[in-house]
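Heads up, the thing below is written out as structure tokens.
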Amino acid sequence: MGLYEIEMGRLLDGQKEHKGIGQYYIVTPEEYLLTDSLEDVNGIHYTMANIEEMLYQGCRQNIQKFAASNHNQAVYTFSIFVDSSNGMYLLYLNNHSYWQQVSQHYFNDYTKSYKETGNELYNRSLEQVQIQMKFAAGAFPFRLDDLGDEIDTALDAYRQLNEQINDHEEYMNNPPTELTPDKRQQLQQLDTDSITIIDAILMNYDGMYAVAIRALERLQTDLKQLDQTDDFIAYVCSSNGEGGEILTWTTLARKSNSIDRIYLAKPEEEKYDIEIEQVRSQQAIRRVEDQLNYWIGEIKNNAYNLEESILYHCNKSDYLAYTEILNLGKDVLPILEKALQFEDDRLVIEVYEMLLEDLRYG
């Protein structure tokens, strides 16, 4: 997941320019096209702004329903779950009572399994299980997937286009058609309801995440309808196939919350950050080349499971190591350029190339 996490971080932090700005995918029943002009093209147009509005309205309605229910007691979390590969948004909420119930259930199961097998994996205290289950959205009883027919239709169109773009073999065999003047005239003969237009920028890695983050920003007043605990937190979270808990807490949750709010809701994050800061301080007194080698080593350890890295231990993504190298500034440029000449590891080469791009032009 390393390169994906780094690319996601670069996009969300504005380190990397988004692809597809000012471009549009046009999808018809027979083909899909790519253009930078919608002159004389009419159809159902999905932009980041109108999908954000659909998501925002769907969230508002679900929050209002939940707030009016008997479950609106001591609510400690609200999250917008994003699965951009499959074009999916879900909402997860939980309250203190259900968290405790689920934790007790799993604790009982672990205790029974430990007695039967002696496997240390099951030897956990109730407090450890509570920490484990607090943000385990898959175990939450409140999973809300009805965000409205309009956004369902939009995400279905996104999903179908995404499959074509990201299926390498399909893309190579069937790349988007150029919108020539003749093609433009042919489109005018079609029923506009059969033409879907999608802003190309939405198809970036962070497209659906950026939409969710902006929708969440707008929901702050609506969320006050919930009976929030003192440690309540609202955030955007990632599917396991796209970074999961690590991407969520290293990057996404920090886009919508102060660090104090994160530490209050999830105290282990503060402990991890302190450990990372200690490593950062130890590295800061070393030569620039040594610091580069250390953080690249952490990325490789994570990718190849060579040994437990500080990133893995502290539940951090490779983007943290990447930003540490960026923070070395221009002094690391000649070292990177020289190292790239002799590197044969494809992962490291790609990381070096991204670093050089960001340091030269960022």
Side-chain angles (χ1 to χ4, degrees), residues 1 3-4 7-8 10-12 16-58 80-90 145 147-215 236 238-239 241-243 350 354:
M1 293 303 297
L3 290 177
Y4 179 86
E7 287 281 37
M8 178 71 76
R10 293 172 76 207
L11 288 166
L12 289 172
K16 180 180 180 179
E17 184 176 348
H18 287 82
K19 295 179 181 178
I21 296 175
Q23 292 186 304
Y24 312 91
Y25 284 103
I26 301 171
V27 184
T28 74
E30 288 77 30
E31 61 185 342
Y32 71 114
L33 309 98
L34 184 63
T35 182
D36 57 7
S37 171
L38 292 178
E39 183 180 356
D40 297 326
V41 178
N42 296 299
I44 302 169
H45 190 176
Y46 295 119
T47 69
M48 291 187 74
N50 62 28
I51 292 180
E52 176 194 326
E53 179 65 18
M54 295 175 202
L55 178 60
Y56 170 65
Q57 294 298 341
I80 302 175
F81 170 91
V82 182
D83 181 347
S84 65
S85 297
N86 295 300
M88 182 187 301
Y89 288 123
L90 298 172
D145 58 5
L147 295 170
D149 293 340
E150 192 176 17
I151 195 170
D152 284 348
T153 302
L155 293 177
D156 186 54
Y158 168 94
R159 188 180 307 113
Q160 293 179 42
L161 176 60
N162 194 51
E163 287 175 359
Q164 288 185 288
I165 293 172
N166 290 310
D167 184 325
H168 180 71
E169 183 176 348
E170 171 69 19
Y171 188 84
M172 295 303 292
N173 293 332
N174 183 30
T177 306
E178 180 184 355
L179 186 58
T180 62
D182 286 344
K183 286 285 184 183
R184 199 177 291 272
Q185 287 186 349
Q186 291 174 22
L187 287 177
Q188 294 176 30
Q189 308 305 314
L190 297 177
D191 186 337
T192 56
D193 288 343
S194 69
I195 300 174
T196 301
I197 304 165
I198 299 178
D199 286 4
I201 191 173
L202 182 64
M203 309 312 293
N204 281 282
Y205 284 146
D206 72 328
M208 285 188 60
Y209 288 93
V211 166
I213 289 169
R214 290 203 290 265
V236 172
S238 169
S239 70
E242 297 179 356
E350 291 193 49
M354 289 189 287

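- You'll find the side chain of V211 reaches within 4.5 Å of the side chain of L202, heavy atoms only.
- Taking the side chain as every heavy atom from C-beta outward, K16 and M354 never approach each other to under 4.5 Å.
- Considering CD1 of I198 and OH of Y25, their distance stands at 10.0 Å, rounded to 0.5 Å.
- Not counting sequence neighbours, the partners of Q57 by the side-chain contact (heavy atoms from CB on, under 4.5 Å) test are E53, R60.
- In this structure, the side chains of I26 and L187 come closer than 4.5 Å at one or more pairs of heavy atoms.
- Nearest approach of A210 to M48, heavy atoms of both residues: CB-CE, 3.9 Å.
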Less than 3.5 Å apart, which donor and acceptor atoms pair up between the side chains of residues 148-156 and the rest of the protein, not counting sequence neighbours?
unit_1, atom_1, unit_2, atom_2, d
T153, OG1, D149, O, 3.0
D156, OD1, R159, NH1, 3.1
D156, OD2, Q160, NE2, 2.9

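- In this structure, M54 and Y89 have side chains that are not in contact, with every pair of non-hydrogen atoms separated by 4.5 Å or more.
- The shortest distance between side-chain heavy atoms of M8 and L11 does not fall below 4.5 Å.
- Under the 4.5 Å side-chain criterion, counting only non-hydrogen atoms from C-beta, L147 is in contact with L55.
- Sorted by first then second residue, the side-chain hydrogen bond (donor to acceptor under 3.5 Å, both in side chains) pairs that include residues 191-214, not counting sequence neighbours, are H18-D206, H45-D199, E52-R214, Y209-S238, Y209-E242.
- Under the 4.5 Å side-chain criterion, counting only non-hydrogen atoms from C-beta, S239 is not in contact with M88.
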